[in-house]
Each structure stands twice: as structure tokens, then as C-alpha cells.
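Remember, it's 1-based here, ligands and their atoms both numbered in the order they're listed. Small disclaimer: the values here were computed from a predicted structure and weren't measured.
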Amino acid sequence: MAAPGENLRVNGDRLWDMLMEMAKIGPGVAGGNNRQTLTDADSEGRKLFQTWCEVEGMTIGVDKMGTMFATRAGTDPEALPVYIGSHLDTQPTGGKFDGVLGVLGGLEVVRSMNDLGIKTKHPIVVTNWTNEEGARFAPAMLASGVFAGVHSIDYAYARKDPEGKTFGDELQRIGWVGDEEVGARKMHAYFEYHIEQGPILEAENKQIGVVTHCQGLWWLEFTLTGREAHTGSTPMNMRVNAGLAMARILEMVQEVAMSEQPGAVGGVGQMFFTPNSRNVLPGKVVFTVDIRTPSQEKLDRMRAAIEKRAAEICEGLGVGCSVEAVGHFDPVTFDPTLVGRVRGAAERLGYSHMDVISGAGHDACWAAKVAPATMIMCPCVGGLSHNEAEDISREWASAGCDVLFHAVLETAEIVE
Ligand code: HGY
Ligand code: MN
Ligand code: MN
């Protein structure tokens, strides 16, 4: 395929204005966003995205997981579309750019194509995946997982949030249950543009991350059962202390991850004590261990070690222990041809770049199971993400979108 001329660029100011406009929906308390999946704020963000797409002459399809597909027609109706996707849902204390940059960056590519009157053989479809974050309903990347055949839609609809509300009911409540069968769409290729969410690109002073792989992940949800008792009058030797067991397991997870350096992480972001009263020893503790590494061998070894040692810790304290894997994907290798187009676009455009492995999980990880897929990354300030202070520069945002523009045009085949 002929590569586009190096002078083709997106409208960076327009992209930035869209990002700031979307950031007004579901504001956080510290400058970021709390636009969690299937909330009213999520629905409002979806409507704004739909309006912007329709202004560009795109047609909107929605599937039964609520995922949105905005299509710009190609010249060959038989040609499979090139998809550009990411997510508009955020963490409870999320930033303005995680996921949103990829959806609105895709829309900016279409707007630039419209400005320049560019026609392509393959249609372009900009996608907003439902529940990428997995913050409210585990696991993460739920809708793209159903699309890729990893989860059934019944499993997805039954997932519950901490208040016991189900995914299916909440999707119905906000009025975003579409009519398309999930996964019926076929892709010619899939691109995802995303902030790095780590410190490497900024530290190496690179504008573009050429993403070759994504590390694998396990989310292991532990349920520890102790005995509720008075924190004051219960002698230490009579305690069945699930809280202590949890603390020792967290320390052990840190130790296991450190023993697998370099290139392995492990930690806990969420835990629930029951009854969660200051002067009652917890009868139940529920928490999710998140472990990740690009190495399949390390990933499996870490999971086995953590589950074995957690059982030993609990046995020693007389605490009940059960574990359920509530999230998983193996390390992902992205499509070398598409990765080469991203690298070639960065070079053609004169942007500094380096190959990176994605530390965070993305919908691209599941898209890669059903189509050639890859990612493009831009730096973020201090590598910070999943924090309301998440920040990027306008220059970084538009440089990455220029690379997306070129890689997509090369794949969708410009028609003169
Ligand atoms: O967990 C992740 O890596 C992503 O942010 N959902
Ligand atoms: Mn994301
Ligand atoms: Mn995220």
C-alpha cells in the first residue's frame, strides 16, 4: 500500500478541544474524571460522541454489550473495515485521557479525512468499547472480551458491581442495549491509540511508543473467612484474624513480584472488610490481587506461588481461604505488519519513537484474537495514570494522532 505523504496531519487543536469537552462529563473531584461504565455520566458521554460522529456523516451501530461503532463508508462496500477503538469509561478517580484519547483520536482521523476529502477502499469504524476499565464490573475489557468470544454475554450480563447491581440491568437502565450480535462484525485491522500510563516514553524523551506486545494479567479475587470478634476483649491467641492473613498475603505478593524482576508487577487495589467496623475483627475480607508480566512462564509461576503460599498463610492462622480468577489474558504479540506501519509512520513524520510493551491491558488485547491489531502510545506526565492528575501535552496528543492517521490510511488504502 502506498504510504500517505508526510505532510498529512490531523487538527491537533480540534482534538484537544474535543478532549476538554468530553472531560466536562462525569467530572472528578481533583480535575480528572469519574465517568464509570453504565452510569448516567457514561451515557451522556456516549451521546456526545454519537452527536460528533453523526455531524461527520458517520452511521452509528450498537451491539448487545452497548459497544458503539461509528462508520465512515469506504469506496468498496465489500471491504472489511479498519477499526480504531478504545473506551470512554473511566476509573472512579480517572484521568481525562485514558481511553478517551483513543476514541476521540479515531474521530479526529475521520474529521481530518473529511476535511481533506480523502477516500479509502476500506470503511473506517471508530469504536467505543463498553466497560474497558473493569472498575465497576470485573473483569476489565469486558465488552471486547465478549466480542472476541472470550466471555459469554450471559456471563457479562450477570457481573455485579459492589452494590450488587448487574451489568445487564445497568446497561438496560441507561438505554444502551444495542441490536447487533456481539462479535458479528469482522475487522480488516484494529488500531488503538492510548497514553502509555507508564514512565518510559517521557523518561526516554520519545514522542511515540510503537507497541509490539502487551503484558499478560491475572486478577485473583481472594475471599478470606475469619471470625468476627471484639478487637478489645478477644485475647490474641483466640483470634481468627482474616485481616492479618490479608496483610501477610499482600506482603507475600510484593515478595513474589520482586523475585521475578525485571518485568513483573503485583499488587492490590481493592479490598472489602466485613463488617468493616473499627472495633470488630473482620469475619470476611475480599480483595483482588493484580499480577502482570510479559513472560508467560513468569505469569504462570507467580500465580501458582501466590495461591500456594496464600493457602499456607491462611492455614497457619485458621482462616478460610478461597480464590477465583476474575480476570485474565496471556501476554499479547501485536501484528508485525501493523506494528511496522506505525513505526514507518513515526519515521516518515519525523517523530522520535521506540518499541514498547504495554504495561496496562487494553481492548486491543482481545481485538488481537480476532483480527490483526496493534497500538500506538504517547507519553504521559510522570507516567501517571488511574489518577485524576493524569496529564499529557497537546503536542504529544497530536503527534500520536498523526501516526494513527497515517497507519490507518495506509491500511485502509487511499483511493485517488
Ligand atoms: O487494568 C488495566 O490494565 C486497564 O486499565 N483496564
Ligand atoms: Mn485505558
Ligand atoms: Mn484504565
Side-chain angles (χ1 to χ4, degrees), residues 19 22-23 26 28 32-38 42 45 67 84-106 127-148 150-151 156 159 190-198 209 211 213-221 264-270 288-294 299 325-332 356-368 373 375-380 383-392 397 400 404:
L19 289 164
M22 182 60 74
N33 277 107
N34 179 7
R35 192 173 54 244
Q36 295 183 65
T37 197
L38 308 189
D42 180 21
T67 295
I84 309 171
S86 201
H87 60 94
L88 293 175
D89 68 307
T90 75
Q91 287 285 336
T93 55
K96 299 191 283 286
F97 307 102
D98 172 2
V100 185
L101 180 63
V103 177
L104 300 186
T127 304
N128 169 33
W129 297 104
T130 303
N131 190 34
E132 187 282 340
E133 289 294 357
R136 189 181 171 198
F137 301 96
M141 298 107 74
L142 185 58
S144 52
V146 177
F147 187 92
V150 173
H151 308 302
R159 302 306 291 163
Y190 176 88
F191 289 92
E192 182 155 0
Y193 174 32
H194 206 287
I195 60 172
E196 180 199 340
Q197 299 182 292
V211 189
H213 301 79
C214 182
Q215 63 178 353
L217 161 152
W218 279 109
W219 279 0
L220 306 173
E221 186 180 84
V265 293
V268 171
Q270 179 189 69
T288 300
V289 171
D290 180 328
I291 52 174
R292 310 194 194 198
T293 171
L299 188 66
V326 293
H328 171 242
F329 54 87
D330 287 329
V332 175
V356 293
I357 294 173
S358 176
H362 302 283
D363 295 306
C365 298
W366 289 141
M375 297 187 72
I376 298 154
M377 284 187 172
C378 76
C380 50
L384 190 64
S385 183
H386 285 192
N387 181 309
E388 290 205 45
E390 177 186 278
D391 199 11
I392 63 174
L404 176 69

Residue from His386, Gln36, Arg35 passing side-chain hydrogen bond (donor to acceptor under 3.5 Å, both in side chains) with Glu133: His386
message: Taking backbone and side chain together, does His362 place any N/O/S atom at a distance below 2.8 Å from the Mn ion (ligand 2)?
response: no
message: Under 4.0 Å from a heavy atom of Ala140: which atoms of ligand 1 are those, numbered in the order shown and with their elements?
response: 6 (N)
task: Nearest 0.5 Å please: distance from the CE atom of Met375 over to the CD1 atom of Ile357.
output: 13.0 Å
- line: At a cut-off of 2.8 Å, protein N/O/S around the Mn ion (ligand 3) gives Asp98 OD2, Glu133 OE1, Glu133 OE2, His386 NE2
message: If we only consider heavy atoms of Gln197, is any one of them less than 4.0 Å away from an atom in ligand 1?
response: no
field: Residue portion contacting ligand 1 (non-hydrogen atoms closer than 4.0 Å) for His194
entry: neither
query: Are the side chain of Glu221 and the backbone of Val326 linked by a donor-acceptor contact shorter than 3.5 Å?
result: no
query: What residues, two or more places apart in sequence or in another chain, satisfy ring-ring contact (aromatic ring centres under 6.0 Å, His included) together with His194?
result: His87, His362
field: Atoms of ligand 1, numbered as shown, that sit under 4.0 Å from any heavy atom of His386
entry: 5 (O)
- prompt: Is Arg136 reaching over with its side chain to a backbone N or O of Thr37, donor-acceptor style, under 3.5 angstrom?
  reply: yes
- prompt: Is it the case that Thr93 and Glu388 place a side-chain donor and acceptor less than 3.5 Å from each other?
  reply: no
Audit row: Ser385, Glu390, side-chain hydrogen bond (donor to acceptor under 3.5 Å, both in side chains) steps and yes/no: CA-CA 5 Å; Ser385 183; Glu390 177 186 278; 2.7 Å; yes
query: When the ring planes of His328 and Trp218 are compared, do they come out parallel, tilted or perpendicular, using 30° and 60° as the limits?
result: parallel
statement: The atom name of the N, O or S atom in His194 nearest to the Mn ion (ligand 2) is NE2
- request: Check whether any side-chain N or O of Tyr193 sits under 3.5 Å from a backbone N or O of Ala397 as a donor-acceptor pair, and report yes or no.
  value: yes
task: Using ring-ring contact (aromatic ring centres under 6.0 Å, His included) as the criterion, list what pairs up with Phe191, not counting sequence neighbours.
output: none
query: Between Leu217 and ligand 1, does any nitrogen or oxygen pair lie at a separation below 3.5 Å?
result: no
task: Could you find the nearest protein heavy atom to atom 6 (N) of ligand 1 and give me its residue, atom name and distance?
output: Glu132 OE2, 3.0 Å
message: Can you tell me if Gln91 contacts ligand 1 (heavy atom of the residue under 4.0 Å from the ligand)?
response: no
message: Can you report which non-hydrogen protein atom sits closest to atom 1 (O) of ligand 1, along with the distance?
response: Arg292 NH2, 2.9 Å
statement: Per-atom filter on ligand 1: closer than 4.0 angstrom to a heavy atom of Ala360 are 3 (O)
statement: Sequence neighbours excluded, the answer for side chain to side chain contact (heavy atoms under 4.5 Å, CB included) partners of Ala23 is Asn33, Lys96
